[in-house]
Amino acid sequence: MTQAYEPREIELRWQKRWQDESVFRAVNPGEKGFDPKRPKYYVLDMFPYPSGSGLHVGHALGYVGTDIIARKKKMEGFNVLHPMGWDAFGLPAEQYAITTGKQPRAATDENTANFRRQLQLIGLSYDWSREIDTSDPKYYRWTQWLFNRLFEKGLAYRAEVPVWWCEELKTVLANEEVINGRSERGNHPCVRRPLKQWMLRITAYAERLLDDLEGLDWPESIKTQQREWIGKSVGAEIQFALEGHAEELVVFTTRPDTLWGATFMVVAPEHALVKKITTAAQRASVDAYVAKAATKSELDRTDASKTKTGVFTGAYARNPVFAADDPRGRVPVWVADYVVSTYGTGAIMSVPGHDERDHAFAQMFDLPIREVVRPPAGEKGLSDGVCFTGEGTAIDSGPIDGLSTLDATAKAIALLESKKVGKARTTYKLRDWLFSRQRYWGEPFPLLHLEDGSVVAVPDDSLPVLLPAMDDFKPATDGSAPLARMKEWVATTDPRTKKPARRDTDTMPGWAGSCWYWLRFMDPANDSAPFSKEAEQYWGPVDLYVGGASHAVMHLLYARFWHKVFFDAGVVHTKEPFQKLFNQGMVTAFAYEDATGRLVSSDEVETRGSGFAKSGTGEPLTQIVTKMAKSLKNVVNPDDMIAEHGADTFRLYEMFMGPLADSKPWNTRDIPGCKRFLERTWRVFVDPEGDAPIRPQFARGATWLPIEGETLALERSLARALARAELSFQNLNLNTAIAAYMTFINDATKSLSSMSRDQGERFLRALAPFAPHMCEELWERMETGGLIVRAAWPTADPMYLVEDEIDLPVQVNGKLRATVKAPKDASPSDKESIARVAVASHLEGKEIVKVVLPPNGRLVNFVVK
RNA sequence: GAGGAAGUGGCGGAACCGGCAGACGCAUCGGACUUAAAAUCCGAAGCCUUCGGGCGUGGGGGUUCGAAUCCCCCCUUCCUCACCA
């Protein structure tokens with residue numbers, strides 16, 4: 001038996017043992033070995049897209065964190081569900097296949113194999129029997145099945161919509177995937193283009209998606225982001241008659257109380273009425289403006305936000321609150337790109353007196369500005385040259401004069417409704433979800449186009465609609481779907497009527513598979529349903545969901561939407577899928593810049609004492625923190641580190657860096673500290689000089705040590721470490737648990753012979769979730785019997801958290817002047833007299849005004865003059 | 001511009017409720033062991049100091065016997081959304 005700590009050898013052996021004994025297999029209700037007495041705990045990682053570059057230490061941060069939690073919960077007696085799988089369909093996987101010249105299927109299999117290998121290297125306690133791959137027909141069969149539920153409820157529809165088109169990617173993208181007119185993936189320019197697309201009616205769930213955020217234990221910042229994305233606004237819809245046209249111009253406003261101050265109208269360049277209402281005289285300039293707006297990317301529009309642009313259409317609208325002969329009621333209609341076509345009705349009434357944007361526009365084009373809201377006393381208004389947008393009192397507004405903004409709004413709406421020219425309305429920024437892609441690597445829509453032009457779902461029992469193999473799967477230059485080229489696949493028959501039908505050739509976006517994967521994990525092998533009711537009833541909802549904050553909106557909103565649809569369909573029993581959400585921080589890296597602020601590649605940096613310098617030139621460099629980047633050569637590969645130091649050190653370092661939620665830099669120089677701690681722990685248990693597998697005091701049948709003297713001191717040290725660990729699990733700053741364990745091992749090293757077998761056992765159990773391989777090895781050498789992963793989690797005995805003697809800080813005027821020892825149960829007056837002696841020199845010649853002894857008895861403070 | 005998170009030694013970070021600022025680790029320095037080095041072990045260390053003490057948690061003010069922690073103002077960094085009527 002080896003006496004040295006050799007992590008790789010130990011780790012491989014224990015990983016095999018865990019696998020051989022199916023230690024991490026979660027047992028479902030109804031299966032053999034299920035224990036109904038244990039409570040359940042479902043801890044889920046956001047499953048990765050298996051990229052070609054392999055696992056990143058940032059992924060591993062979350063995975064190690066959840067693994068430690070899962071292992072602890074298991075030791076605490078929970079039935080733990082802790083699964084892992086692959087989000088394998090979608091654009092990035094297809095792009096990767098194209099650039100590497102591989103088939104997506106083959107490339108995906110290669111990448112998942114690599115990810116699986118890397119995850120297993122870390123010794124993560126996943127139940128690998130539940131592994132899923134969203135691009136596996138056994139999985140996407142049920143994605144299609146669930147799509148059918150949305151389809152039959154009318155939540156999926158086809159529409160000609162202006163969509164984001166990315167020429168580079170040859171695909172349409174969802175609103176959420178386009179940032180400032182560029183694709184989220186790859187940062188390519190995008191343009192708007194009308195195309196017939198499948199949409200999901202997520203807006204039907206807007207209100208519930210908003211309301212149900214309340215009960216969730218999620219970071220407030222994520223909830224806020226979702227609320228803002230949903231963007232609820234309450235107001236009114238108002239119809240303006242158009243001079244010389246039968247059509248009405250409908251606008252949405254949150255401030256119907258300012259209707260009397262509307263001096264012009266603005267419609268978006270894409271508005272359907274623009275062509276119709278433009279007068280001959282204005283035709284040329286309007287056409288030019290509209291054409292220009294269409295070619296402008298969203299980025300250009302945003303850049304131009306400082307100066308408003310627009311053109312008069314020549315048309316006039318009638319403000320319904322003014323009499324037909326009132327000149328205030330005749331307002332010009334302009335077209336301007338500061339009004340967006342996709343929000344509200346794509347048209348606004350412009351109230352330049354009380355809206356910043358309208359104000360700017362009115363000033364730009366010299367349009368009239370009227371004040372209809374008087375600001376409350378003390379606030380500046382139009383008379384001070386300020387556009388007042390807050391709440392005040394209605395003035396110059398006929399029937400609502402004198403009312404507060406709140407009352408004026410209500411009365412204005414009532415008035416509009418009685419005249420049938422408007423009504424209360426709530427709008428949302430959230431738009432329906434553009435759900436189809438003209439790409440290859442995704443779930444085919446399980447839909448058939450019949451000869452009569454109608455569209456029907458492929459019956460559930462004919463699923464899956466398999467994605468056919470294609471040699472050339474690249475998107476067509478005209479943007480048509482690659483599957484459309486598979487003529488023999490497209491032509492099929494409706495299984496119900498045997499009549500000819502054509503398959504839909506679009507595929508679902510990459511998000512589809514991740515909209516329900518946590519449910520499939522509950523019952524991954526089920527081939528008669530996506531998951532059984534019993535399994536969902538037992539495991540749902542996810543108790544802890546851990547992943548990056550970058551999924552704040554898209555994935556988490558889509559997943560909640562599908563889950564609610566399933567809830568309505570009676571498929572799941574909870575309204576929300578993820579009860580507690582936690583975002584792990586980003587793992588950043590150090591980078592180095594010279595005096596001019598230029599970044600220097602990490603392999604050209606050397607340490608100079610406590611500073612850094614450029615190798616060769618010796619030029620001094622400053623250390624800064626950045627994202628990891630290949631160009632800076634500061635990307636860390638877990639494989640190398642594990643090969644060099646072992647998985648336990650890797651796990652420990654990931655957690656020791658700092659609180660799980662914080663972003664923090666990876667510092668290779670700090671890793672030896674964690675390794676040293678494990679080596680020191682090893683030497684506490686194993687005598688490197690001796691032949692025994694374990695030191696005699698830890699061997700089975702070792703002499704029992706009474707808890708007194710140094711053993712008592714160690715008992716206290718252990719109790720403190722265990723208590724600290726418990727707190728650190730609550731706060732998810734596991735770095736402090738490790739720090740507490742280090743302190744204990746330092747204490748143990750100093751009085752090794754006084755440490756008992758029992759103390760050794762409890763310490764190993766506490767360390768086991770963090771460094772499972774080494775603890776398993778030492779546990780075995782102690783001949784404790786069984787695996788440590790199945791042992792019970794140790795808790796601190798409060799009795800040993802209390803010291804006989806406490807350190808009593810003594811302050812004079814709040815400044816620390818001495819620290820004295822006092823018996824733990826000393827009375828306040830005893831403490832005061834002990835303290836008085838200790839700071840006698842500071843009290844000399846002073847008058848003691850007050851002696852402060854806080855209720856917790858933690859210190860004494862003399863207030864003197 | 002709006003919203004969110006955060007600013008503590010040379011570095012990563014501790015400090016549960018307002019009560020010893022800097023736990024734990026890295027780097028640094030000293031010592032032991034060694035022919036020597038590495039490894040290991042032991043120890044020192046916030047900054048300044050005339051060795052009395054003074055100053056210290058981004059800056060300024062406030063509350064308090066006492067503030068990293070609570071309140072007000074300001075600065076910086078990161079993230080997210082940005083003409084949403």
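Convention: sequence-line order gives letters A, B, ...; per-chain numbering from 1.
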d(CD, Gln226(A); C1', G3(B)) in whole Å: 15 Å
Please write out each protein N/O paired with an N/O of nucleotides 17-22 of chain B under 3.5 Å, distance rounded to 0.1 Å.
residue: G19(B); atom: N2; partner: Gln811(A); partner atom: OE1; Å: 3.3

Sugar-phosphate, base or nothing in reach of Pro672(A), heavy atoms under 4.0 Å: nothing
Spacing between Phe677(A) atom CZ and C26(B) atom P, to the nearest angstrom: 12 Å
d(CG, Asn813(A); C1', G53(B)) in whole Å: 16 Å
C71(B) to G53(B) separation - P atoms, rounded to the nearest Å: 35 Å
Anti/syn call for G9(B), syn if |chi| within 90°: syn
5′-ward residue of the pair Arg255(A)/Glu220(A) relative to RNA chain B: Glu220(A)
Sub-4.5 Å side-chain heavy-atom contact between Glu207(A) and Lys232(A): yes
Ser221(A) side chain near U80(B) phosphate (N/O to OP1/OP2, under 4.0 Å): no
Rounded distance in Å between the C1' positions of G54(B) and G43(B): 28 Å
Closest to side chain of Trp229(A), choosing from C55(B), A14(B), C81(B): C81(B)
Whole-Å gap separating C1' (U28(B)) and CZ (Arg669(A)): 10 Å
Check: Thr203(A)/Tyr428(A) side-chain N/O donor and acceptor closer than 3.5 Å: no
Of the listed nucleotides C65(B), A85(B), G12(B), the one nearest the side chain of Phe590(A): G12(B)
Between P of A39(B) and OH of Tyr5(A), the distance in whole Å: 18 Å
Sugar-phosphate, base or nothing in reach of Arg720(A), heavy atoms under 4.0 Å: nothing
Atom-pair distance (NZ on Lys664(A); P on G7(B)), nearest Å: 14 Å
Gap in Å between the two C1' atoms, one belonging to U50(B) and one to G62(B), rounded: 35 Å
Sugar-phosphate, base or nothing in reach of Pro665(A), heavy atoms under 4.0 Å: sugar-phosphate
Side chain Thr345(A), main chain Ala347(A), donor-acceptor under 3.5 Å: yes
Sugar-phosphate, base or nothing in reach of Lys429(A), heavy atoms under 4.0 Å: base
Leu216(A) side, atom CG; Leu581(A) side, atom CG - distance, nearest 0.5 Å: 9.0 Å
Rounded distance (Å) that lies between atom C1' of A5(B) and atom CD of Gln584(A): 15 Å
Whether Tyr741(A) side chain and Ala725(A) backbone form a donor-acceptor pair below 3.5 Å: no
Which nucleotide in G54(B), C83(B), C65(B) has an atom nearest any side-chain atom of Lys308(A): C83(B)
Closest heavy-atom pair and its distance - Ala838(A), Val820(A): CB-CG1, 3.2 Å
Residue closer to the 5' end of RNA chain B, Val625(A) versus Arg817(A) (nearest nucleotide): Val625(A)
Touch class at under 4.0 angstrom, heavy-atom based, for Asn733(A) against every strand present: sugar-phosphate
Closest contact, heavy atoms only, Gln226(A) versus Trp218(A): NE2-CZ3, 4.0 Å
Tyr653(A)-Asn667(A) side chain donor-acceptor pair, cut-off 3.5 Å: no
Parallel, tilted or perpendicular, as decided by the 30° and 60° cut-offs, for the rings of Phe650(A) and Trp666(A): tilted
Within-4.5 Å side-chain heavy-atom neighbours: Met655(A) and Leu660(A): yes
Donor-acceptor contact below 3.5 Å, side chain Asn813(A) vs main chain Lys815(A): no
Aromatic ring pairing His555(A)/His551(A), orientation class (parallel under 30°, perpendicular over 60°, tilted between): perpendicular
Distance, P atom - from G25(B) to C75(B), rounded to whole angstrom: 40 Å
Separation between the C1' atoms of U8(B) and U57(B), rounded to whole Å: 4 Å
Separation of the P atoms in C29(B) and C74(B), to the nearest angstrom: 45 Å
Distance test, side-chain N/O of Tyr741(A) to OP1/OP2 of C24(B), below 4.0 Å: no
Rounded distance in Å - CG (Asp337(A)) to C1' (A85(B)): 15 Å
Between G4(B) and C72(B) - P atom distance, rounded Å: 13 Å
Where the chi angle of G52(B) falls, syn if within 90° of 0 and anti if not: syn
Same-atom distance (C1') from A37(B) to G22(B), integer angstrom: 34 Å
Candidate nucleotides G25(B), A15(B), C55(B), ranked by approach to the side chain of Met742(A) - the nearest: G25(B)
For C24(B), glycosidic torsion class - syn if within 90° of 0, otherwise anti: anti
Phosphate-side-chain proximity, Asn735(A) and G25(B), N/O vs OP1/OP2 below 4.0 Å: no
Among C26(B), C24(B), C65(B), the one nearest Phe656(A) by side-chain distance: C24(B)
Distances under 3.5 Å between nitrogen or oxygen atoms of protein and nucleotides 40-46 of chain B:
residue: U40(B); atom: O3'; partner: Arg683(A); partner atom: NH2; Å: 3.2
residue: C41(B); atom: OP1; partner: Arg683(A); partner atom: NH2; Å: 3.2

Intra- and interstrand pairs of RNA chain B - dot-bracket, Watson-Crick/G-U under 3.5 Å, | marks other strand: (((((((..(((......[....))).(((((.......))))).(((....)))..(((((..]....))))))))))))....
Pair Asp337(A)-Tyr289(A), side chain to side chain contact (heavy atoms under 4.5 Å, CB included): steps then yes or no: CA-CA 9 Å; Asp337(A) 66 5; Tyr289(A) 186 80; 3.4 Å; yes
Side-chain donor-acceptor contact under 3.5 Å, Tyr5(A) with Thr681(A): no
Any donor-acceptor pair under 3.5 Å from Asn583(A) side chain to Gly547(A) backbone: yes
Under 4.0 angstrom between Asn667(A) side-chain N/O and G13(B) OP1 or OP2: no
